[in-house]
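One structure coming up, written as C-alpha cells, with questions to follow.
Here, residue 1 is the first one in the sequence, and each next residue gets the next number.
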Amino acid sequence: MHFTRSFSPKASRLADNGPFFRRFPMPLRPSTAAILLSYLILTLVPFLPLALGKPLDHGMQIVAMEVVAWLTVWALFKRPAWFHWLLLPAFLALPTEAYLIVYYSQGISTHHLGIIAETSPREAMEFLGSTVWLLAAVMAGSILWFIATWTIALRSRALAMPGWGRVAVLGIVAVLGGIGWYGWEFGAAAPVAAASATTASTTVTASAVPAPSASADGSEAPDAADASDEEAEEEADSSASDDTVPGAVAGAHRTGWKLPPLPHWLRIPPTYYDFVRTWPFGLAGRGVDFYEEREHLSRLGQASRSFTFGARQPAPDTAPETVVLVIGESARYDRWSLNGYPRDTNPLLSQEANLVMLPDVVTAVSATRLSVPVIISRKPATQSLEDGFAEKSFITAYKEAGFRTYWLSNQISFGQFDTPVSVFAREADVVQFMNLGGYTNSSNFDDILLAPLQHALADPAPKKLIVLHTLGSHWNYSQRHPKQFDKWQPSLYGVAQPAYTDLKIKPQMNNSYDNSVLYTDWFLSQAIGKLKAPQQPVSMLYVADHGQTLYDGACRLAFHGHNTIHEFRVPAFVWYSDQYQERYPDKIKQLARHRKAKLATENMFHTLLDLGDIRYPHDRLEWSFVNKGFKLHKRFVDSYGWTNYDNAVIKGDCSEVVEKKKK
C-alpha cells in the first residue's frame with residue numbers, strides 16, 4: 001500500500017521559512033555548523049588581541065556593530081548562498097589582518113591598502129623574501145576555505161531567513177540608522193549631570209563624528225595629555241563617542257536644517273570608527289577610506305601637476321654622483337652627544353670623518369605633515385599651515401637634471417597626517433613605504449631602509465637622489481629600537497601601552513628617548529657605511545622634522561605640537577665622501593665657513609639642490625649654506641602666531657619661544 005504526502009501552498013511556505021529558527025534548538029547538521037563556524041571565525045578576528053593578552057578598546061561596540069552588520073546582510077540576501085561572494089575579500093585578507101594584529105597590534109589600514117596597490121610584484125618578492133611561498137600557501141588555503149563554505153551554502157537552505165524576520169531586521173536597522181544620522185548631523189546632548197560639570201574649556205564633539213584633533217597652529221595644549229599629531233588622530237578616533245554639551249549643535253549640517261541635538265538617551269555609542277574595525281564587513285569601510293585618501297592626495301597634487309623648475313647642472317656629464325637626504329623624526333638637538341649632551345648617544349657618528357654638525361637649525365612648526373614640505377620644497381615657513389602647495393619638491397628638480405630619484409620611507413603613506421608628505425614623495429621614480437606598523441605601536445625599525453638603500457646604490461643610473469624618511473624617535477620611544485639598544489634604564493622597553501600622561505614614568509620615558517637616539521646613531525652610521533662603498537662623490541644631509549618636549553624640569557608638557565625650544569631646535573649635519581670633496585672643494589669650504597650660521601629648515605631645499613650642483617631660473621643661492629653667496633634670513637616659528645625666533649625670549653618651565661614684542 002502506498003501513501004502520498006501533500007502540502008498546501010501555505011504549509012509549503014512555512015516549511016521553507018521555518019528551519020532558520022526551528023533547527024537551532026536541535027543538533028545542527030554538519031553543513032550548517034560548518035557555515036556558522038566559518039562566519040564565527042571571521043567575526044572573531046577583531047578580538048585576536050585579547051587572545052594575545054593585549055587590550056582591546058570599544059569591544060562591546062565592535063560586537064554590536066558586527067551583529068547589526070551580519071543581520072542586515074542576512075536580511076537583504078535571505079541566505080548565505082546569495083551573499084557569501086561578498087566575503088571573498090575578507091577571506092583573502094584574513095592572513096594579512098591576523099599577521100598585522102599579531103606583530104604590529106593593528107589591522108589593515110589605508111596605509112596598507114596603499115602599499116598593496118602601489119607595490120609591484122618584483123618589489124613584493126624582494127620585501128617578503130622566502131616567506132612569499134608561505135604567504136602563497138596560506139592564501140591558497142583561504143581560497144579553498146572560501147570555496148568549500150560557498151559550496152556548502154549553495155546546497156543548504158537551512159539558514160534562510162524567513163520573510164517576516166527580514167522585514168523586522170531591516171525595520172530596526174532603518175530606525176537605528178535614522179537615529180545615528182540625526183546625531184551625526186545635529187550632535188547629541190550630554191546628561192544633565194555631565195553638563196553641569198562642564199566648564200568653558202570643554203571640547204564640543206559630535207556623537208557620531210570623530211572629535212577634532214589638536215589644532216594645526218601649534219598652539220600650546222593645556223596639559224600633559226597632549227599627544228603628537230598622529231597620536232591626536234588615534235585619540236580623536238577613540239573619543240568619537242564622547243558626550244556633548246546640551247543644546248550644542250555639533251553636526252555637519254549638510255542639510256542646512258537647524259534642529260535640536262539628539263536626546264542623550266537616544267544616543268548610539270558605536271561609531272564609524274568601530275565599524276571599520278569589525279570583520280568582515282569593516283573591510284569595506286577601510287576601502288572607502290582608502291579611496292577618499294587617494295582622491296584627497298590627487299586633489300593636493302593637482303595644483304602642482306604642470307609645474308617645472310627648468311633645472312639642470314651647469315656642466316652636465318655622466319660622472320657618477322649621489323645625493324642623500326635623511327629626514328629624522330622627533331629628534332631633539334640637545335639629546336645628541338655631538339651637540340654636547342653628557343650621555344654618549346652618538347658613539348658611532350662621532351667617529352665619522354667628513355661629518356659637519358649644524359648646531360643652530362630651527363624648524364618652523366612642530367608637526368611632521370607641516371614641517372617636511374618646508375624641508376623639501378620652496379614652501380615658505382609662514383605658509384606651512386596651509387594645505388597643499390602649488391609647486392613640486394626638490395625631487396622633481398633632480399629628475400629634470402637627469403638624476404634617478406628614490407623615496408624610501410619607514411613612515412606611513414596614507415592618513416590625515418601623512419598624505420601631504422606623500423604628495424611630494426610620489427614625485428620620485430621609485431617610491432617605497434616600508435612600515436607595516438604604525439606610530440604609537442609596534443612598527444618596523446629604521447634598519448628596514450638599509451636594504452632598499454643598498455638596492456638604490458646598485459642601480460646602474462650614474463646620478464641618483466635618495467630620500468630616507470625615518471621613524472626616528474617617534475613615540476613610543478621604546479618601540480623604535482631593538483633590545484640591544486636598551487642601554488639607559490629603567491626604560492619603557494617591554495611595557496605595553498605605557499600611559500604617556502603619567503608623570504611618574506618621566507625617568508623611564510627620558511631613558512627610552514635617549515635609547516632611541518642611540519639607535520638612530522647606529523642606523524645613520526650604517527647608512528654612511530653603505531654610501532662609502534661605491535667610492536664616488538656622495539653627499540648626505542640629515543635634518544629632523546621637529547623635536548620633542550619631555551616633561552623638562554617642572555614642565556608638564558610632553559611630545560610635540562607646543563611652543564617650546566625643544567621642539568623648534570633640531571639636530572642636523574652634512575656628511576660627504578672624499579670623492580665629493582675632490583669634485584666640489586668650494587662647497588666643502590663654504591660648508592665649514594657657514595656651519596655655525598643661524599639656519600632654518602627653509603634653507604634645506606636650496607642647499608640640497610646646491611649639493612647636487614643643480615641650477616634653475618631665479619634660484620636662491622643665498623639660502624644655500626654651501627654657497628659663497630649665503631646670507632642670513634629671518635627664521636619664523638609657529639609660536640603664538642608667527643614669531644621671529646631670533647627676536648624671541650625663552651620663558652617658563654617649558655622653555656616656550658615668545659617674541660619680545662608679544663605678551
Does either side chain, that of Thr368 or that of Glu329, offer a donor lying less than 3.5 Å from an acceptor on the other one?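 A donor-acceptor contact under 3.5 Å links the two side chains.
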Between the side chain of Ser512 and the main-chain N/O of Leu492, is any donor-acceptor distance below 3.5 Å?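 Yes, the answer is positive, given that a donor and an acceptor are paired below the 3.5 Å cut-off.
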Tyr493, Tyr519, Trp488, Phe445 screened by ring-ring contact (aromatic ring centres under 6.0 Å, His included) with His481, the one that passes: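 So the option named by the test is Tyr493.
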Work out which heavy atom in Asn346 is nearest to a heavy atom in Leu338; give both atom names and the distance.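 In this case the closest contact between Asn346 and Leu338 is OD1-N, 3.1 Å.
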For a 4.5 angstrom cut-off between non-hydrogen side-chain atoms, does Thr520 reach Thr470?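 A side-chain contact under 4.5 Å is absent here.
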For the student: nearest non-hydrogen atoms of Asp521 and Leu349, plus distance: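 Of all heavy-atom pairs spanning Asp521 and Leu349, the closest is OD1-N, 3.0 Å.
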Looking at side-chain heavy atoms only, is the closest gap between Leu348 and Glu352 below 4.5 Å?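 No, side chains not in contact.
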In terms of side-chain heavy atoms, does Asn410 have a donor or acceptor partner in Asn444 at a distance below 3.5 Å?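 No, no side-chain donor-acceptor contact under 3.5 Å.
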Partners of Phe275 by ring-ring contact (aromatic ring centres under 6.0 Å, His included), sequence neighbours excluded?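 Residues passing ring-ring contact (aromatic ring centres under 6.0 Å, His included) with Phe275: none at all.
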Do Pro498 and Trp475 have side chains that get closer than 4.5 Å, going by heavy atoms?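 Pro498 reaches Trp475 side chain to side chain.
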Exam field: side chain Ser639 to backbone Val657, donor-acceptor pair closer than 3.5 Å: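 Indeed, once roles are kept as given, a pair shorter than 3.5 Å links the two residues.
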Is the closest side-chain heavy-atom distance between Ile395 and Ile376 below 4.5 Å?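 Heavy-atom side-chain distance check fails, nothing below 4.5 Å.
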Who pairs with Lys598 by salt bridge (Lys or Arg N to Asp or Glu O under 4.0 Å), at least two apart in sequence or on another chain?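 Testing Lys598 for salt bridge (Lys or Arg N to Asp or Glu O under 4.0 Å), a comparison that skips the adjacent residues, returns none.
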Is it true that a side-chain atom of Tyr272 and a backbone atom of Gly285 form a donor plus acceptor pair closer than 3.5 Å?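 Yes; at least one donor-acceptor contact below 3.5 Å.
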N/O donor-acceptor pair under 3.5 Å between Asp486 side chain and Lys483 backbone: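 Side chain of Asp486 to backbone of Lys483: no pair is present.
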Return the orientation label for the Trp407 and His469 ring planes: parallel under 30°, perpendicular over 60°, tilted otherwise.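 Aromatic pair Trp407/His469 classed perpendicular.
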Who pairs with Ser109 by side chain to side chain donor-acceptor pair (under 3.5 Å), at least two apart in sequence or on another chain?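 Ser109 satisfies side chain to side chain donor-acceptor pair (under 3.5 Å) with His112 once adjacent residues are dropped.
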Hey, is the main chain of Pro359 close enough, under 3.5 Å, to the side chain of Arg569 for a donor-acceptor pair?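 Present.
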Nearest heavy atoms of Pro270 and Ala64, plus distance in Å: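 In this case the closest contact between Pro270 and Ala64 is CG-CB, 4.3 Å.
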Contact summary for Pro571 and Asn339, nearest pair of heavy atoms: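 Answer, listing the atom of Pro571 first, then Asn339: CB-ND2, 4.2 Å.
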Main chain of Trp279, side chain of Glu66: is a donor-acceptor contact present, judged purely on distance under 3.5 Å?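 It does hold such a pair.
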If only atom types and distance count, is the side chain of Thr345 paired as donor or acceptor with the main-chain N or O of Ser337 below 3.5 Å?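 Here the side-chain-to-backbone pair exists.
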Partners of Tyr99 by ring-ring contact (aromatic ring centres under 6.0 Å, His included), sequence neighbours excluded?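 For Tyr99 the ring-ring contact (aromatic ring centres under 6.0 Å, His included) partners, ignoring immediate neighbours, are Tyr103.
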Would you say Gln548 and Ser473 make side-chain contact, with heavy atoms under 4.5 Å?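 With C-beta onward as the side chain, the pair stays apart.
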Could you walk me through whether Asp289 and Arg286 pass the salt bridge (charged side-chain N to carboxylate O under 4.0 Å, His left out) test, one step at a time? CA-CA 5 Å; Asp289 289 343; Arg286 304 179 206 185; over 6 Å; no
Using modelled atom types only, decide if a donor and an acceptor are shared between the side chain of Ser422 and the backbone of Ser413 within a distance under 3.5 Å.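 The answer is yes, because a donor-acceptor pair under 3.5 Å joins these two groups.
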Closest approach of Ala381 and Glu602, non-hydrogen atoms and distance?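 In this case the closest contact between Ala381 and Glu602 is N-OE2, 2.9 Å.
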Measuring only between side-chain heavy atoms, which start at C-beta, is Trp575 closer than 4.5 Å to Val538?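 Yes, side chains in contact.
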Taking Asp545 for its side chain and Ser330 for its backbone only, find out whether a donor-acceptor pair lies under 3.5 Å.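 The answer is yes, because a donor-acceptor pair under 3.5 Å joins these two groups.
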Among Asn603, Asp360, Thr601, which residue satisfies the side chain to side chain donor-acceptor pair (under 3.5 Å) criterion with Arg635?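 The passing option is Asp360.
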Side chains of Thr549 and Glu567: donor-acceptor distance under 3.5 Å anywhere?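 Yes.
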Spacing of CD1 belonging to Ile412 relative to CG belonging to Leu436, to within rounding of 0.5 Å: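 Nearest 0.5 Å value for the CD1-CG distance: 8.5 Å.
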Whether the side chain of Asp446 engages the backbone of Leu471 through a donor-acceptor N/O pair (distance < 3.5 Å, no angle test) should be reported.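 Side chain of Asp446 to backbone of Leu471: a pair is present.
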Measure across Leu518 and Pro347 and return the closest heavy-atom pair with its distance rounded to 0.1 Å.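 Scanning both residues, the minimum pair turns out to be CD1-CD, 3.7 Å.
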Which residues pass the ring-ring contact (aromatic ring centres under 6.0 Å, His included) test with Tyr406, not counting sequence neighbours?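 Residues passing ring-ring contact (aromatic ring centres under 6.0 Å, His included) with Tyr406: none at all.
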Would you say the rings of Trp336 and Tyr542 are close, in the sense that their centroids are separated by under 6.0 Å?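 They qualify: ring centres under 6.0 Å apart.
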What pairs of residues pass the salt bridge (charged side-chain N to carboxylate O under 4.0 Å, His left out) test when at least one of them lies in residues 331-347, not counting sequence neighbours?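 Listed once each, the pairs are Arg332-Asp334, Arg332-Asp552, Arg335-Asp514, Arg343-Asp514.
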